[in-house]
K.L.:
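Sending over a structure as structure tokens; questions will come in a sec.
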Number of protein chains: 2
Amino acid sequence: MNIGQASDASGVSAKMIRYYEQIGLIRPAGRTDTNYRSFSERDLNDLRFIKRGRALGFSIEEITNLLSLWRDRTRPSREVKAIADGHVADLRTRIAEMQAMADTLSALSECCAGDERPDCPILSDLAAGPRPVAPTSAESRRLRAPRRPS
Amino acid sequence: MNIGQASDASGVSAKMIRYYEQIGLIRPAGRTDTNYRSFSERDLNDLRFIKRGRALGFSIEEITNLLSLWRDRTRPSREVKAIADGHVADLRTRIAEMQAMADTLSALSECCAGDERPDCPILSDLAAGPRPVAPTSAESRRLRAPRRPS
DNA sequence: GCTAAGACTTCCCATCATGGGAAGGTCAAG
DNA sequence: CTTGACCTTCCCATGATGGGAAGTCTTAGC
């Protein structure tokens, strides 16, 4: 099974499969005599595991740990749970931050006529910034720009 | 007013001020005869505007547009509102995605004993992935790993 | 006036996960 | 044997931010 088939079967792009191999997340795939990568069922299972982990928002680092726990039949479920719970806490924190942004902005937007006139509470807020509230918890971490990936 | 003072007064790091200048988000600051940047009150206002925009999650690109609308006294508030509403929609989409992740994960976590035993529904889910649900809307866009920036 | 500390300058590198694309080798169907 | 679809590696870009080096400048204390 070559990389294209592995990609189709796992939902992980060929680019990403090569990347995961490069950073050591997955074992180097076998090679044919013409240097094509060759994937086994087991490799596929790993790729599907990774795919699902990413879909749940786990970072590559967390997935590295989850993968090694998965392979360890004597793992304590405590460790798995700790990773998952940590991730959930992270998600909830970020959700709350984004929720606060969305709420603030939609309140401002509701007060904006949205017509040809220049008066706009949204700009006024950005300019005067009466946002005297407590130092946004978001300021203590890297502030990602919630961007639509085009 | 040099860059350190401008940074303190605006809350934008010196690094970021230089970056914003480099990418053309702000006008190049004046220079002293010894090549130090020199900031005016107006520059400060721009920096504060940017700072607040970032705190609301606007991307640099959106802020670029908001800044030029802000400077244009004949802007139609419609345009400002469109940017804000677009951003709010983006936020809400991402919130929903992360919420779904968090809900799925915490449901799994609740079923996990979290003790010394190896049995773990979280790993089972990642491995077997009975996640047959509709193609997560998240899969159509770049999937960010919700990472805590340490 | 001299010196040391601190702040400024530019320049390069790293992050994280992903995609784009070039240049060249390989495979399978016609 | 050609053609097109695949594979390989390698380099580059993203977005917003920080780290740090090497060199210049300023300021406070002596």
Side-chain angles (χ1 to χ4, degrees), chain A residues 1-26 28-39 47 50-64 87 90 94 97 138-150, chain B residues 1-26 28-39 47 50-51 53-64 87 90 94 138-150:
Chain A
M1 188 172 234
N2 65 27
I3 202 171
Q5 296 168 314
S7 172
D8 290 345
S10 66
V12 179
S13 73
K15 277 277 197 200
M16 279 301 102
I17 295 175
R18 295 193 193 99
Y19 173 69
Y20 293 156
E21 178 182 288
Q22 189 201 317
I23 64 172
L25 177 56
I26 55 179
R31 296 287 180 144
T32 67
D33 49 0
T34 55
N35 206 31
Y36 278 26
R37 283 181 184 75
S38 173
F39 297 84
L47 287 174
I50 292 166
K51 175 74 178 178
R52 298 197 194 98
R54 292 291 300 140
L56 285 175
F58 285 107
S59 69
I60 297 293
E61 189 184 359
E62 285 162 332
I63 292 176
T64 303
H87 179 45
D90 192 9
R94 301 179 39 193
E97 289 171 358
E139 286 180 354
S140 56
R141 59 154 78 195
R142 175 128 42 181
L143 206 48
R144 288 151 304 92
R147 265 292 51 200
R148 162 169 288 136
S150 77
Chain B
M1 188 173 236
N2 65 27
I3 203 171
Q5 296 167 313
S7 172
D8 289 346
S10 66
V12 178
S13 73
K15 278 278 196 197
M16 280 300 102
I17 295 174
R18 294 192 192 98
Y19 173 69
Y20 292 157
E21 178 182 289
Q22 188 200 316
I23 64 174
L25 177 57
I26 56 179
R31 297 284 181 147
T32 67
D33 49 0
T34 57
N35 206 32
Y36 277 26
R37 284 181 184 76
S38 173
F39 296 84
L47 288 173
I50 294 167
K51 175 74 177 177
R54 292 290 301 139
L56 286 174
F58 285 108
S59 69
I60 297 293
E61 190 185 358
E62 285 164 332
I63 292 175
T64 303
H87 179 45
D90 192 9
R94 301 179 40 192
E139 287 180 353
S140 58
R141 57 153 81 193
R142 176 131 39 182
L143 206 49
R144 289 152 304 91
R147 267 291 51 199
R148 161 166 288 134
S150 77

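Below, read A as the first sequence line, B as the second, and so on, with proteins coming before strands; counting in each chain starts at 1. Owing to the predicted nature of the structure, the values given are computational and were not obtained by experimental measurement.
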K.L.:
Which pair of non-hydrogen atoms, one from Ile3(B) and one from Phe39(B), has the smallest distance, and what is that distance?
P.N.:
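Looking at all heavy atoms of both residues, the closest pair is CA-CE1, 3.5 Å.
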K.L.:
Report the residue (Gln5(B) or Asp33(A)) whose heavy-atom-nearest nucleotide on DNA chain C is the more 5′ of the two.
P.N.:
Gln5(B)
K.L.:
Please state how far atom CD1 in Ile23(B) lies from atom P in dA13(D), giving the value in whole angstrom units.
P.N.:
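Answer to the nearest Å: 16 Å.
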K.L.:
Can you tell me how far apart OG1 (Thr32(A)) and CG (Asn2(A)) are? Round to the nearest 0.5 Å.
P.N.:
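Answer rounded to 0.5 Å: 9.0 Å.
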K.L.:
Short question: side chain of His87(B), backbone of Leu56(B) - any donor-acceptor pair under 3.5 Å?
P.N.:
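Yes, because the side chain of His87(B) sits within donor-acceptor range (under 3.5 Å) of the backbone of Leu56(B).
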K.L.:
Look at the side-chain N and O atoms of Thr34(B) and state whether any lies under 4.0 Å from the OP1 or OP2 oxygen of dT24(D).
P.N.:
no
K.L.:
Give every pair of a protein N or O atom and an N or O atom of nucleotides 2-4 of chain C that lie under 3.5 Å apart, one pair per line with the distance.
P.N.:
none

K.L.:
Could you tell me the separation between the CD1 atom of Ile60(A) and the CZ atom of Arg54(A), rounded to the nearest 0.5 Å?
P.N.:
5.0 Å
K.L.:
Tell me the closest heavy-atom pair linking Met1(B) and Ala9(B), and the distance in Å.
P.N.:
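Closest approach of Met1(B) to Ala9(B), heavy atoms only: CE-CB, 4.1 Å.
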K.L.:
Between P on dT18(C) and CG on Leu47(A), what's the gap in Å once rounded to a whole number?
P.N.:
12 Å
K.L.:
Could you state the CD-C1' distance from Glu21(B) to dC11(C), rounded to the nearest angstrom?
P.N.:
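For the pair Glu21(B) CD and dC11(C) C1', the rounded distance is 15 Å.
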K.L.:
Between Arg18(A) and dC10(D), is there a contact of a side-chain N or O with OP1 or OP2 at under 4.0 Å?
P.N.:
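Arg18(A) to dC10(D) OP1/OP2: no side-chain N or O under 4.0 Å.
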K.L.:
The side chain of Tyr19(A) is closest to which nucleotide in this list: dT18(C), dA16(D), dT8(D)?
P.N.:
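Closest nucleotide among those given: dT18(C).
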K.L.:
Looking at Ile63(B) and Ile50(B), what are the two nearest heavy atoms and their distance?
P.N.:
CD1-O, 3.8 Å
K.L.:
Does anything in residues 3-25 of chain A form a side-chain hydrogen bond (donor to acceptor under 3.5 Å, both in side chains)? List the pairs, not counting sequence neighbours.
P.N.:
Glu21(A)-Arg37(A)
K.L.:
Considering only dT9(C), dT8(D), dA17(C), which nucleotide approaches the side chain of Arg31(A) most closely?
P.N.:
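Minimum distance to the Arg31(A) side chain belongs to dT8(D).
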K.L.:
For Asn35(B) and dT24(D), what is the distance between atoms CG and C1' respectively, to the nearest whole Å?
P.N.:
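Those two atoms, CG and C1', are 10 Å apart.
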K.L.:
Can you tell me the distance, in whole Å, between the NZ atom of Lys51(B) and the C1' atom of dA16(D)?
P.N.:
12 Å
K.L.:
Measure all distances between protein nitrogen or oxygen atoms and nitrogen or oxygen atoms of nucleotides 2-6 of chain D, and list the pairs falling under 3.5 Å.
P.N.:
unit_1	atom_1	unit_2	atom_2	d
dC6(D)	O2	Tyr36(A)	OH	3.4

K.L.:
Output the rounded distance in Å from CZ (Arg54(B)) to C1' (dG18(D)).
P.N.:
14 Å
K.L.:
How many whole angstroms separate atom CD of Glu61(A) from atom C1' of dT15(C)?
P.N.:
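Checked: the CD to C1' distance equals 12 Å.
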K.L.:
Among residues 9-17 of chain A, which contact DNA chain D at a heavy-atom distance under 4.0 Å?
P.N.:
Lys15(A)
K.L.:
Report the distance from atom CZ of Arg94(A) to atom CZ of Arg94(B), rounding to the nearest 0.5 Å.
P.N.:
7.0 Å
K.L.:
With respect to the phosphate group of dT9(D), does any side-chain polar atom (N or O) of Arg37(A) fall under 4.0 Å of OP1 or OP2?
P.N.:
yes
K.L.:
In whole angstrom, give the distance that lies between atom CD of Gln22(A) and atom P of dC12(D).
P.N.:
14 Å
K.L.:
Are any of the side-chain heavy atoms of Ile26(A) and Ile17(A) separated by less than 4.5 Å?
P.N.:
yes
